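The structure displayed is predicted, hence computed values, not measured ones.
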Amino acid sequence: MSRMIDALCMSGAYPFRYLSMNTEAVASKLASEGFKHCVMFNLTALFHRDPWWANVDFANEDPKVDCTIHKLAVFNPDYEDKVRIREYVKMGYVGFITSPIYHGYRIMRRGVINNLIEALNNGAIVILNLLEDLRQMHRAYSFRYRIMLGELSDALRTLKNTAEKRGEEFRVLLSHFPYNDLANLRSLYSGDVYVDFASSQVLGAPYTHIEELAKLYGVSRLVLSTGFIMKYPKSSILKLQLSKIQDKDKEAISSVNAGRLYGIRT
């Protein structure tokens, strides 16, 4: 696998497990594991109801590292508006990452879905469900809000219809979802959506799950995400290498698909 792209990693601070690593250190570590590109968001911004200033600070970071960094703005669609979305695009963000479990909103609320549609019209959306096993989460966040699969399938259909009306590819990534949720979602939503094989466990999903996700969602919609700094980057790489899918499909998953999702030229 050459010129790998990490479709989702993160820098900043995660207070519940005393994790902290700056942007340069994260990208340098990924470069040492063979990644040429990484798509990164700032963890610190995730813990603000209004992530604006944390996003501004992150946009201004410009470390000189061997792994090219493509940035995602943390996005709270229950709080922000269309003006903010356009400003994030001007800052150079390639997409928006949103986490209902941390910001406590329901995806199908009218204001939320309208802001998600606007974000989709301006770049990729990453809907992030969980960063880690719920049993390890702080009591202030544990089970605060969990995406229900019926609601998620309704949201995906709404967003996909919007993309189709504009004649654009549907660029939404479901990241860090447990395998069982992704498998069960397929009975409710059969349309296109990108998924990764990061999971809510620190060590990630078994490599056999990669093979099953490829069957459920198609090889062209599966991407490699490490979840670093919350996960070990080597774990995702080895799971892909150990899976029994064809070598050409491993190449697509490790690079081509994420490049298409984010508009990255490798």
Side-chain angles (χ1 to χ4, degrees), residues 6-10 14 16-17 19 39 41 43 46 72 74 97-108 116 124-157 159 172-219 221-240 242-245 253-254 257-258 261:
D6 185 349
L8 190 67
C9 62
M10 57 207 79
Y14 186 77
F16 299 156
R17 287 206 277 121
L19 289 175
V39 182
F41 75 96
L43 260 175
L46 195 66
L72 298 171
V74 170
I97 180 161
T98 180
S99 183
I101 193 169
Y102 282 87
H103 288 140
Y105 63 81
R106 294 189 174 278
I107 299 176
M108 286 303 293
L116 289 176
I125 301 172
V126 177
I127 299 176
L128 175 64
N129 185 26
L130 296 173
L131 291 178
E132 61 178 336
D133 191 318
L134 282 173
R135 291 171 298 179
Q136 298 177 356
M137 292 181 70
H138 190 277
R139 65 181 180 274
Y141 285 85
S142 184
F143 301 105
R144 177 181 179 187
Y145 178 64
R146 185 177 178 84
I147 300 175
M148 306 305 293
L149 295 185
E151 182 184 28
L152 177 60
S153 64
D154 289 341
L156 290 175
R157 276 189 289 270
L159 296 172
V172 170
L173 169 65
L174 303 181
S175 181
H176 286 74
F177 276 67
Y179 168 78
N180 288 340
D181 281 358
L182 291 176
N184 292 332
L185 176 65
R186 222 49 184 144
S187 64
L188 300 172
Y189 174 78
S190 59
D192 289 339
V193 65
Y194 287 85
V195 299
D196 67 13
F197 48 87
S199 76
S200 59
Q201 285 73 43
V202 172
L203 292 175
Y207 67 85
T208 53
H209 285 180
I210 298 174
E211 300 160 19
E212 295 303 316
L213 289 173
K215 293 176 184 176
L216 285 168
Y217 289 88
V219 168
R221 292 295 183 269
L222 189 58
V223 298
L224 169 62
S225 294
T226 66
F228 186 64
I229 56 175
M230 296 291 292
K231 314 290 189 301
Y232 306 111
K234 184 74 76 176
S235 175
S236 293
I237 299 170
L238 290 175
K239 284 175 172 60
L240 181 57
L242 290 170
S243 67
K244 296 179 181 179
I245 61 178
I253 292 169
S254 68
N257 299 344
L261 171 62

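- A 4.5 Å side-chain heavy-atom check between D196 and L174 finds every atom pair outside the cut-off.
- Contact of the F228 side chain with the M10 side chain is not registered, since no non-hydrogen atoms from C-beta on lie closer than 4.5 Å.
- With sequence neighbours excluded, the residues satisfying side-chain contact (heavy atoms from CB on, under 4.5 Å) with L188 are L149, S153.
- Applying the side-chain hydrogen bond (donor to acceptor under 3.5 Å, both in side chains) criterion to D154, with sequence neighbours excluded, gives R157.
- Between I107 and L116 the shortest side-chain heavy-atom distance falls below 4.5 Å.
- Taken to the nearest 0.5 Å, the CD1 atom of I237 stands 6.5 Å off from the CG atom of L224.
- For the residue pair S243 / K239, no side-chain donor-acceptor distance below 3.5 Å is found, with atom types taken as modelled.
- A distance of 11.0 Å separates CD1 of I210 from CD of E212, quoted to the nearest 0.5 Å.
- No side-chain heavy atom of T226 sits under 4.5 Å from any side-chain heavy atom of K231.
- Side-chain contact between S225 and D6: present, with at least one pair of heavy atoms (C-beta onward) separated by less than 4.5 Å.
- Partner Y217 forms a side chain to side chain contact (heavy atoms under 4.5 Å, CB included) with one of L185, L222, D192 and no other, that one being L185.
- Panel note: side chain E211, backbone K244; a donor-acceptor pair is recorded below 3.5 Å.
- H103 NE2 to L46 CG: the interatomic distance, rounded to the nearest 0.5 Å, is 5.5 Å.
- By the 4.5 Å heavy-atom criterion applied to side chains, L216 and L182 are not counted as neighbours.
- The two residues L19 and I229 have their closest heavy-atom pair at CD1-O, 3.9 Å.
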Notebook entry, point to check: For R221 and V193, what are the C-alpha separation, side-chain angles and deciding distance, and is it a side-chain contact (heavy atoms from CB on, under 4.5 Å)?
Noted result: CA-CA 7 Å; R221 292 295 183 269; V193 65; over 6 Å; no
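- Distance CG/N184 to OH/Y179: 9.0 Å, rounded to 0.5 Å.
- Taking CG from D181 and CE from M148, the interatomic distance works out to 9.0 Å, rounded to the nearest 0.5 Å.
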Next item on the list: Apply the test side-chain contact (heavy atoms from CB on, under 4.5 Å) to residues I97 and I125: give CA-CA distance (whole Å), side-chain angles for both, the deciding distance (0.1 Å), then the verdict.
Entry: CA-CA 6 Å; I97 180 161; I125 301 172; over 6 Å; no
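- The minimum heavy-atom distance linking F41 with L72 is given by the pair CB-O, 3.7 Å.
- Within the 4.5 Å cutoff, the side chain of V223 has no heavy atoms near those of the F197 side chain.
- In this structure, OH in Y194 is found 14.5 Å from OG in S175, a value given to the nearest 0.5 Å.
- The shortest heavy-atom contact between A7 and L173 is O-CD2, 4.4 Å.
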Next item on the list: Would you sort out whether V39 and C9 count as a side-chain contact (heavy atoms from CB on, under 4.5 Å), showing the intermediate values?
Entry: CA-CA 6 Å; V39 182; C9 62; over 6 Å; no
